[in-house]
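Here's the structure we're looking at; comments come further down.
Values below: every heavy atom of this structure, side chains too, minus hydrogens, waters and symmetry copies. A quick note: this is a predicted structure, and the numbers were derived from the prediction, not measured. So that the names make sense, note that chain A is the first sequence line, chain B the second, and so on, each numbered from 1.
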Number of protein chains: 2
Amino acid sequence: MFSIKNNVLHLLLIRRAAPPFDGCWSLPGGFIDIEQDSSVEAAAMRKLQQKTGLQPGYLEQLEVFSGKGRDPRGYSVSLAFFALVPYSAVSSNIATVSQASWWPVQDIASLQLAFDHQEIIQRAHHRLKQKALYSMLPVYCLPPAFTVGQLKAVIEAIIGKEIQRKSLMRRIEASNMFHLTEQKVSSGGRQAQLYQLKPGVDITHFNRNLGD
Amino acid sequence: MFSIKNNVLHLLLIRRAAPPFDGCWSLPGGFIDIEQDSSVEAAAMRKLQQKTGLQPGYLEQLEVFSGKGRDPRGYSVSLAFFALVPYSAVSSNIATVSQASWWPVQDIASLQLAFDHQEIIQRAHHRLKQKALYSMLPVYCLPPAFTVGQLKAVIEAIIGKEIQRKSLMRRIEASNMFHLTEQKVSSGGRQAQLYQLKPGVDITHFNRNLGD
DNA sequence: AAAATAGTGTCTGTGAGACACTATATT
DNA sequence: AATATAGTGTCTCACAGACACTATTTT
């Protein structure tokens with residue numbers, strides 16, 4: 001589960017409370033319960049709710065990781081997901097769940113994580129980067145109403161590179177995904193227009209990438 | 001498993017020989033055997049070899065399909081793959097496997113397929129189309145040495161739209177993935193230059209799509 | 001010679017990057 | 001007034017589309 005905190009891309013890790021890898025940081029996860037999970041997505045949502053106390057606005061299958069080398073207990077098959085959530089939705093909920101915390105994605109590489117979670121995170125980050133280049137997916141890291149400046153900051157945090165405000169405005173216009181609200185918001189200078197997602201729209205995919 | 005036959009995109013289906021869906025056409029598949037499959041990819045390759053007699057040059061995880069509605073026997077979790085293979089590699093092998101045959105992708109929608117394979121195929125086709133727009137992936141549908149005309153035909157078959165030969169030549173040049181062979185080949189007009197993949201190169205991804 | 005396919009030259013169109021410029025807020 | 005952030009105008013650049021043109025082969 002990714003989010004943006006202080007204009008830095010963060011990932012939610014939880015500390016394991018049982019062997020194997022007791023005490024290590026790891027991705028939130030668990031097993032499918034065929035009684036209550038109507039699909040693997042439902043299982044992922046249930047586990048996230050249970051382990052982190054929150055439901056992401058976006059959830060997508062990443063990839064299956066499998067084999068006998070990844071869990072000391074033996075052969076395993078795990079389906080990894082990646083999720084996006086606005087950090088504003090987080091603050092209260094997360095406090096109630098002990099041993100869960102947000103880490104800057106850049107700092108994770110030097111941690112000792114459980115299983116092959118280091119590799120899973122790399123893959124997830126890579127996919128998120130790609131999608132940020134050609135789609136509006138990063139809006140799911142923002143609250144329902146947001147400014148162009150916020151969206152720009154989120155995209156830059158994800159792709160690790162500056163983009164032109166102008167390019168982003170062109171895309172916002174062309175995508176037709178958003179409408180202006182009457183509100184404006186202050187941030188130390190001229191007030192910024194608040195946008196929000198039109199209800200029921202799909203995430204636009206562009207046919208060129210940003211940041212060539 | 002996709003391939004190109006007579007400049008038309010085809011998919012390999014096999015006829016089921018046991019319930020459920022006895023006699024229906026279906027995707028080749030099977031169960032993981034943790035004794036012999038070191039990973040889910042290995043399992044996919046083994047099942048393809050066993051059910052169709054051939055090994056694709058490209059194999060990629062598509063998506064997990066899950067739930068209790070998709071198999072009358074109860075809850076199931078299936079990982080679908082998509083694969084590309086040159087049709088030239090096929091002709092001999094496939095004859096040895098009864099009840100496997102290539103279908104034009106366009107004709108499949110009207111068939112009665114087993115399980116949710118109709119939906120899986122739609123998703124696979126969609127992903128293949130997208131990748132054909134921004135990458136050189138379609139080369140895996142061609143033999144080791146091929147002409148620009150052949151590659152153009154493959155891409156057009158996949159995306160269902162004509163592209164400019166000029167655009168493709170620009171990409172071939174820019175990708176630096178191929179080298180010319182000394183051979184040329186006849187096809188009813190001026191002889192065409194044969195290209196082949198440089199050994200060990202990665203599939204280039206472009207930052208614009210074809211067919212805007 | 002005619003037809004077919006291969007390949008090039010070059011113009012247009014689209015949208016990203018760059019960046020100066022205007023607009024409006026806070027201090 | 002100075003500064004900070006929001007937003008626009010407009011030029012350049014890269015690359016896809018279009019399409020006429022040349023090149024080389026078969027019939």
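Atom P of nucleotide C:dG17 and atom CZ of A:F206 are separated by 12 Å, given to the nearest angstrom. In this structure, NZ of A:K166 is placed 8 Å from C1' of D:dT10, rounded to the nearest angstrom. Summarising the geometry, the separation between CG on B:N207 and P on D:dA16 is reported as 9 Å, rounded to the nearest angstrom. Taking atom CD of A:Q164 as the reference point, atom C1' of D:dT8 lies 13 Å away to the nearest angstrom. In this entry the distance linking NZ of B:K161 with P of D:dA16 reads 13 Å, nearest Å. The separation between A:Q193 atom CD and C:dT24 atom P is 13 Å, rounded to whole Å. Atom CG in B:L168 sits roughly 13 Å away from atom C1' in C:dA6 (whole-Å rounding). In this structure, A:Y134 atom OH and C:dG15 atom P are separated by 18 Å, rounded to whole Å.
If B:N209 and A:Q150 are placed on DNA chain D by their nearest nucleotide, the residue sitting closer to the 5' end is A:Q150. Residues A:L210 and B:Y195 both approach DNA chain C. Their nearest nucleotides, taken by heavy-atom distance, put B:Y195 toward the 5′ side.
Nearest nucleotide to the side chain of B:R170, out of D:dG17, C:dG17, C:dT14: D:dG17.
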Between the protein and nucleotides 21-23 of chain C, list the N/O to N/O atom pairs that are separated by less than 3.5 angstrom.
residue, atom, partner, partner atom, Å
C:dA23, O4', A:R190, NH1, 3.4
C:dA23, N3, A:R190, NH1, 3.2

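At the phosphate of C:dT5, neither OP1 nor OP2 sits under 4.0 Å from any side-chain N or O atom of B:S187. Remark: A:S186 is not in phosphate contact with C:dA25, judged by side-chain N or O atoms under 4.0 Å from OP1 or OP2. Side-chain N/O atoms of A:Q191 include one lying less than 4.0 angstrom from OP1 or OP2 on C:dA25. Here A:R171 reaches the OP1 or OP2 of C:dA16: one of its side-chain N or O atoms lies under 4.0 Å away.
Figure legend: cation-pi geometry between B:R171 and B:F206, with NZ or CZ positioned under 6.0 Å from the six-membered ring centre and within 45° of its axis.
Taking the charged nitrogens against the carboxylate oxygens, A:E63 and A:R123 do have a contact shorter than 4.0 Å, which makes a salt bridge. Salt-bridge annotation for B:K152 and B:E162: absent, with no side-chain N of the basic residue lying under 4.0 Å from a carboxylate O of the acidic one.
A:H10 places no side-chain N or O within donor-acceptor distance of the main-chain N or O of A:W102, the cut-off being under 3.5 Å. In terms of modelled atom types and a separation under 3.5 Å, the side chain of A:S3 and the main chain of A:V85 share a donor-acceptor contact. Remark: side-chain polar atoms of B:E119 are not paired, donor with acceptor, to backbone N or O of B:D116 under 3.5 angstrom.
Here B:F178 and B:F146 bring their ring centres to under 6.0 angstrom of each other.
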